[in-house]
Amino acid sequence: MNSPRKHTSSIRQRLANSGDKIRRARLPKRMRLAFKIADGIDALDWDNKDLADKLGKYSSVISRWLKGNHNFTVDTLSDIEEILGIKLLALDDYTEDKGIVGTFKCTLEFKLKGKEEEDMISAISDAGGMQVSSTEFEFSK
Amino acid sequence: VKFEIVELKELSGKKAKIYSIVILDGSNSDSLFDQFLDEYYTDYEEEMEDIYDHLKTYGHYTGLRGNRIIEHEGESLGDGIVAICNRPNKLFRLYAIMYNDFIAIVGGGGMKPGGGALRNYDKPRKENDLIKKIKKTLDAAESCDDLTINNNGIKSKTGFIYNTEDYE
């Protein structure tokens with residue numbers, strides 16, 4: 001079974017590169033937020049009015065939010081998260097004061113062997129020498 | 001009408017496959033969607049960006065959903081003919097055939113300002129008629145097992161060139 005051939009065009013290429021890139025980058029994020037909220041409402045078997053009541057808003061406000069072009073505030077998203085029990089603000093990768101949970105040490109060892117050993121040591125010495133030191137890294141999970 | 005189904009490379013993604021139609025009878029090798037963009041881009045750049053960006057978002061992030069997709073734009077309920085409109089002015093209708101929320105075959109469209117009947121707007125009406133004709137052909141090709149349309153996309157054993165007259 002075959003698939004249709006992939007098609008490109010100059011007008012689409014021009015459109016892809018035109019306009020305000022920052023504004024256009026917002027669209028998929030706003031739409032995903034709106035659809036995630038809509039899915040959250042559905043998952044509870046609610047309708048827009050149920051969420052509106054919990055937030056103290058009119059259901060027309062929720063309808064407007066779900067159109068996918070609303071500029072939500074962090075507070076509103078936080079409130080919706082709490083009410084619907086969903087995650088809208090991706091903050092899980094931010095760690096709060098977890099402290100040092102471990103250390104590791106890495107040792108690099110160089111061995112000079114053979115006839116050229118003296119020449120190499122001499123060359124290193126001429127170049128100002130080689131300093132080997134150890135460093136301890138500290139990292140959080 | 002002899003036509004070919006093509007996949008719109010940069011719009012198609014893991015959430016939805018976006019296809020269009022190239023009419024093979026004429027001299028224009030652009031897809032119907034490209035012809036629509038080309039016709040209105042100069043005077044309505046933002047509107048065309050809006051429609052383009054939404055199709056790309058459907059393809060890569062959300063699947064085909066949301067209130068810009070107006071259903072029941074065909075002859076009968078559930079025939080999959082939809083119109084994709086721009087916002088906020090809802091000036092344009094772009095006609096498409098939709099299969100679930102995963103596949104859209106995008107045709108052409110035109111300006112349809114206001115809520116009047118489609119018959120009053122020549123360009124979008126013609127594009128709507130054409131996409132309905134194409135849908136009938138694809139339905140017939142599917143029923144003959146010449147074409148498979150499911151969540152893996154559109155597949156064919158015989159190729160993707162069809163003639164609306166072949167299945168009449």
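In the text below, chain A, chain B and the rest are named by the order of the sequence lines, each starting its count at 1.
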Give the intermediate values and the outcome of salt bridge (Lys or Arg N to Asp or Glu O under 4.0 Å) for residues A:R23 and B:E49. CA-CA 11 Å; A:R23 178 181 60 77; B:E49 273 177 22; 3.0 Å; yes
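- Comparing A:K67, A:R24, A:M31 by heavy-atom pairs within less than 4.5 Å of chain B, the highest count is held by A:R24.
- For B:N67, the part sitting under 4.5 Å from any heavy atom of chain A is the side chain, from C-beta outward, and nothing else.
- For the residue pair B:E10/A:T8, the side-chain donor-acceptor check at 3.5 Å is not satisfied.
- No part of B:S12 comes within reach of chain A, as not one of its non-hydrogen atoms sits under 4.5 angstrom from that chain.
- The closest side-chain heavy-atom distance from B:I154 to A:P4 is below 4.5 Å.
- Ion pair A:D39/B:R65 flagged as a salt bridge, since at least one NZ, NE, NH1 or NH2 atom sits closer than 4.0 Å to an Asp/Glu carboxylate oxygen.
- Using a 4.5 Å cut-off between heavy atoms, A:A34 does not touch chain B at all.
- Counting only heavy atoms from C-beta outward, the side chains of B:K157 and A:N2 never approach each other to under 4.5 Å.
- To the nearest 0.5 Å, atom CD of residue B:E7 and atom NZ of residue A:K6 are 4.0 Å apart.
- Ranked by heavy-atom pairs under 4.5 Å with chain B, the first of A:N69, A:L66, A:I11 is A:I11.
- Contact count against chain B (heavy-atom pairs under 4.5 Å) is highest for A:H7 among A:H7, A:R14, A:R32, A:Q13.
- To the nearest 0.5 Å, the span separating CZ on B:F33 from OG on A:S9 amounts to 8.5 Å.
- For the set B:D34, B:T57, B:T62, the entry with the most heavy-atom pairs within less than 4.5 Å of chain A is B:D34.
- Chain A forms more heavy-atom pairs under 4.5 Å with one residue of B:H60, B:H54, B:K17 than with any other, namely B:H54.
- The shortest distance between side-chain heavy atoms of A:S18 and B:E45 falls below 4.5 Å.
- Summarising the geometry, atom CG belonging to B:L37 is positioned 10.5 Å from atom OG belonging to A:S10; distances are rounded to the nearest 0.5 Å.
- Few gaps surround NZ on B:K155; more than 12 heavy atoms of other groups in view lie less than 6.0 Å from it.
- Ranked by heavy-atom pairs under 4.5 Å with chain A, the list B:L11, B:L8, B:N152 is led by B:L8.
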